[in-house]
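For reference, the structure is listed below as structure tokens.
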Amino acid sequence: MAISLKASERGLELVDKARKKKGWNKDDQAWHEAAKTSKATLKRFWAGYPVRKENFEKICETVGEDWQKIADSSDADTEFPN
């Protein structure tokens with residue numbers, strides 16, 4: 001099992017501001033390519049579903065946000081099926 005994380009409500013707001021500064025929409029091809037993840041993973045991220053920790057970190061870092069400020073701490077270390 002891999003570790004997964006989901007964004008908090010406040011975290012989603014921070015990421016939303018950051019991605020708007022870059023001129024990206026929520027599932028922009030440039031974003032998922034820069035984060036080396038899929039469009040489906042970005043959709044899961046925005047829907048509040050857990051995504052693999054590695055992908056979560058890259059999604060946040062690609063828009064310039066610290067993933068630790070974005071993560072929902074009440075849901076830390078959720079296991080995600082492979």
Side-chain angles (χ1 to χ4, degrees):
M1 296 279 194
I3 303 279
S4 65
L5 298 169
K6 70 177 186 177
S8 67
E9 291 285 327
R10 177 69 181 135
L12 288 174
E13 291 171 9
L14 292 170
V15 172
D16 199 36
K17 277 185 179 179
R19 64 114 189 141
K20 286 178 181 176
K21 287 181 184 176
K22 289 190 170 273
W24 293 343
N25 63 35
K26 288 186 174 183
D27 63 353
D28 203 291
Q29 182 173 347
W31 191 2
H32 73 79
E33 286 177 358
K36 296 181 179 15
T37 192
S38 68
K39 189 176 276 196
T41 298
L42 275 179
K43 287 182 179 184
R44 288 181 56 81
F45 175 86
W46 284 113
Y49 294 114
V51 298
R52 292 182 192 275
K53 183 176 186 273
E54 300 82 20
N55 293 335
F56 186 92
E57 290 173 0
K58 290 299 287 179
I59 288 169
C60 297
E61 291 169 0
T62 302
V63 293
E65 287 294 333
D66 178 6
W67 68 269
Q68 293 174 322
K69 291 184 349 186
I70 306 305
D72 182 350
S73 60
S74 67
D75 200 45
D77 297 330
T78 300
E79 289 190 1
F80 187 73
N82 288 333

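Atom set for the values below is all heavy atoms of this structure, side chains included, hydrogens, waters and symmetry mates excluded.
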How are the rings of Phe45 and Phe56 set to each other: parallel, tilted or perpendicular (split at 30° and 60°)? tilted

Establish, yes or no, whether the cationic atom of Lys22 lies under 6.0 Å from the six-membered ring centre of Trp24 and within 45° of the ring axis.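 Yes, Lys22 lies over the aromatic ring of Trp24.
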
To the nearest 0.5 Å, how far apart are [atom1] in [X] and [atom2] in [Y]?
X: Lys26; Y: Lys43; atom1: NZ; atom2: NZ; result: 12.5 Å
X: Ser38; Y: Asn55; atom1: OG; atom2: CG; result: 7.0 Å
X: Thr37; Y: Leu42; atom1: OG1; atom2: CG; result: 6.0 Å

With a 4.5 Å limit on heavy-atom distance, are the side chains of Asp16 and Lys20 in contact? yes

Between Ile70 and Leu14, is any pair of side-chain heavy atoms under 4.5 Å apart?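 Side-chain contact under 4.5 Å: yes.
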
Does any N or O in the side chain of Trp31 come within less than 3.5 Å of the main-chain N or O of Asn25, such that one atom is a donor and the other an acceptor? no

Check for a donor-acceptor pair, side chain of Arg44 on one end and backbone N or O of Pro50 on the other, with a separation under 3.5 Å.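 Such a contact is found between Arg44 side chain and Pro50 backbone.
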
Donor-acceptor contacts, no H, no angles, side chain residues 59-68, under 3.5 Å, sequence neighbours left out:
unit_1, atom_1, unit_2, atom_2, d
Thr62, OG1, Lys58, O, 2.5
Asp66, OD1, Gln68, N, 3.1

What pairs with Glu33 under side chain to side chain donor-acceptor pair (under 3.5 Å), at least two apart in sequence or on another chain?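 Glu33 satisfies side chain to side chain donor-acceptor pair (under 3.5 Å) with Gln29 once adjacent residues are dropped.
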
Ile3: which of Arg52, Glu54, Lys53 passes side-chain contact (heavy atoms from CB on, under 4.5 Å): Lys53

Would you name the heavy atoms of Gly11 and Ser8 that are closest together and state the gap between them?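 Result for this residue pair: N-OG, 2.8 Å.
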
